[in-house]
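Beneath this line is the structure, given in structure tokens, with notes to follow.
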Amino acid sequence: MKAFLTLQSVESVLEHIHQFPVLEYENVSLDNALGRRLAHDFCAPENLPGFNRSTMDGYAVRARDVFGAQEGSPALVECVGDCPMGAKPDLTLAEGQAARIATGGMLPEGADCVVMVEYSRPAGGKLVELTRSQAPGDNVIFHNDDASTGDRLLPAGHCLRPQDIGLLAAFGATGVAVRRKPRVAVLSTGDEIVSATETPPPGKIRDINAHSITALCCQAGGRASRAGLVRDNARELETALAGLAAAHDIIVVSGGSSAGARDHTVEVFAALPQSEIITHGVALSPGKPFILARAGIDGRTVCLMGLPGHTVSALICARVFLVPLLHHLQGGTGTEIAACVPAVLSRSIASAQGRRDYLRVRLQPLPATSPSSSGATRGQALYTAEPITGASGLITGLAAADGLLVCPENREGFSMGDIVMVELFQ
């Protein structure tokens, strides 16, 4: 048997991941920027909205002219004109004057608030009675309420959401600089593996990991592709890696990461040019036989990951390490908030101290009669979390799970009824 290197903690491996160099940036159109990470801070190039605008239909006035106005004692003002939509009003309000204005219209000079049309009534000729007192700024969005010139609105590394695309469009951006998507090759190994398109003969199974890991990479912003199958042969694996390294930023090898006689991944990684084995073995379950390495190819750093062959172990390892690597290479800060929900554990579950356990759970809404369903308990739990057990080679349990319950290294498990945080699958 080959020996593992010293087992590292999950946090230690994540620290190594954040030492890889971030990828260069590229310019993309705004319509193609969703889910991409900003290469630079975005600061407001101008005030937004850029002019004082009404939020109501009514009359633009000076607040001092309607101070104390009420139904029985209205303020009498003279309507001197209209504020055209989409244009600057060509009038300035003097004492006792008002201008009709529609929602979104630009306030005329001199006005500092708007009285809603519901609180107005004609008083003959150009005169209008206003029956509501207003303070300066009432029913108005001022020229820099949304943003002032120079405000940092989106930090570098931010993953652009639909509302962020709208923010950029508000300032006239038609394109944006984002980090390039990492190019990922997912390579499966094993004499027992056949393509998912084949009917496996006795003793063989279809390739699950290549499809699930590729999908996870795409979900995390990578440009991933399946790189085929390699048998348990060091020479074949070395040839495949050498070809893939020339065109990819990350190579993920599924299988062969343990320390058995037929596990060649770590030694082949070590044989690549300017290679360094950073991690071989991590205090994590499932997924102990995990490899992290780097190689230098044509002046570039190529990230190398060896995942366990068992489907659950491979996908959880990829979620814990490959997804953060993809975010980091695109400029992510590592401070992203995972989507979690509190839940009441349906039964006790044990875990070994000294390793971090990722436990699959299924969520169910709490019964309406449950004391916890009122939301009054710690964590405001509205779900029960039912642990899903099973060997790490079984994909159905992972597909049935809604998320993961993380048991830290210093715990021996959780008790039935504990309020736990469940990391949701997207």
Side-chain angles (χ1 to χ4, degrees), residues 30 42-154 158 160-173 337 365 368 373-377 379-380 382:
L30 202 58
F42 178 77
C43 298
E46 58 193 38
N47 292 329
L48 190 68
F51 61 93
N52 301 335
R53 62 198 300 257
S54 175
T55 62
M56 297 290 176
D57 293 340
Y59 289 89
V61 297
R62 306 190 319 167
R64 70 187 73 173
D65 292 336
V66 295
F67 178 77
Q70 53 187 311
E71 184 68 30
S73 179
L76 187 66
V77 296
E78 179 189 8
C79 181
V80 295
D82 295 321
C83 300
M85 286 297 293
K88 182 178 180 179
D90 58 356
L91 52 89
T92 299
L93 297 188
E95 182 178 355
Q97 293 182 334
R100 277 184 293 268
I101 194 167
T103 301
M106 182 177 180
L107 264 67
E109 291 291 331
D112 58 9
C113 66
V114 172
V115 179
M116 295 170 59
V117 69
E118 293 90 329
Y119 302 112
S120 68
R121 58 194 180 211
K126 295 183 178 181
L127 298 179
V128 179
E129 289 183 343
L130 302 178
T131 61
R132 174 62 66 94
S133 179
Q134 305 286 178
D138 283 355
N139 301 321
V140 172
I141 293 176
F142 286 107
H143 69 283
N144 60 351
D145 275 353
D146 229 353
S148 295
T149 302
D151 285 350
R152 190 179 81 144
L153 303 179
L154 299 172
H158 179 74
L160 292 171
R161 306 163 297 172
Q163 58 266 45
D164 304 321
I165 302 298
L167 175 65
L168 294 169
F171 289 99
I337 300 173
S373 65
S374 66
T377 58
Q380 304 290 303
L382 298 177

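The residues of the chain are indexed from 1 along the displayed sequence.
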*Can you name the one residue among Val61, Leu76, Val77 that meets side-chain contact (heavy atoms from CB on, under 4.5 Å) with Val128?*
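So the option named by the test is Val77.
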Heavy atoms only: give me the nearest [X]-[Y] pair and the separation to one decimal.
{"X": "Ala123", "Y": "Glu129", "value": "CB-CG, 3.8 Å"}
{"X": "Cys113", "Y": "Val140", "value": "CA-CG2, 3.7 Å"}
{"X": "Ala60", "Y": "Val114", "value": "CA-CG2, 4.2 Å"}
{"X": "Asp138", "Y": "Ala135", "value": "OD2-N, 2.8 Å"}
{"X": "Ala99", "Y": "Cys83", "value": "CB-SG, 3.9 Å"}
{"X": "Cys43", "Y": "Gly150", "value": "CB-O, 3.9 Å"}

*Only pairs at least two apart or in different chains count here, so list each ring-ring contact (aromatic ring centres under 6.0 Å, His included) that has a residue in residues 42-79.*
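Only Phe42-Phe171 qualify under ring-ring contact (aromatic ring centres under 6.0 Å, His included).
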Please check if the number of heavy atoms outside [X] that lie under 6.0 Å from its [atom1] is greater than 12.
{"X": "Arg121", "atom1": "CZ", "result": "yes"}
{"X": "Gln70", "atom1": "CD", "result": "yes"}
{"X": "Gln163", "atom1": "CD", "result": "yes"}

To the closest 0.5 Å, what do you measure between [atom1] ([X]) and [atom2] ([Y])?
{"X": "Met56", "Y": "Met116", "atom1": "CE", "atom2": "CE", "result": "4.5 Å"}
{"X": "Asp151", "Y": "Glu46", "atom1": "CG", "atom2": "CD", "result": "12.5 Å"}
{"X": "Leu30", "Y": "Ile165", "atom1": "CG", "atom2": "CD1", "result": "5.0 Å"}
{"X": "Met85", "Y": "Ser54", "atom1": "CE", "atom2": "OG", "result": "9.0 Å"}
{"X": "Arg132", "Y": "Ser120", "atom1": "CZ", "atom2": "OG", "result": "12.0 Å"}
{"X": "Asp82", "Y": "Leu91", "atom1": "CG", "atom2": "CG", "result": "8.5 Å"}

*Verify side-chain contact (heavy atoms from CB on, under 4.5 Å) between Ile141 and Asp146, making sure each step is shown before the conclusion.*
CA-CA 8 Å; Ile141 293 176; Asp146 229 353; 6.0 Å; no
Kindly say whether [Y] contributes a backbone atom to a donor-acceptor pair with the side chain of [X] at under 3.5 angstrom?
{"X": "Thr55", "Y": "Asn139", "value": "yes"}
{"X": "Thr149", "Y": "Asn47", "value": "yes"}
{"X": "Asn52", "Y": "Phe142", "value": "no"}
{"X": "Asp65", "Y": "Gly96", "value": "yes"}
{"X": "Asp112", "Y": "Ala63", "value": "yes"}
{"X": "Thr131", "Y": "Glu71", "value": "no"}
{"X": "Asp57", "Y": "Thr103", "value": "yes"}

*Would you call Pro74 and Leu130 a side-chain contact if the rule is heavy atoms closer than 4.5 Å?*
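In short, these two side chains do not touch, never coming nearer than 4.5 Å.
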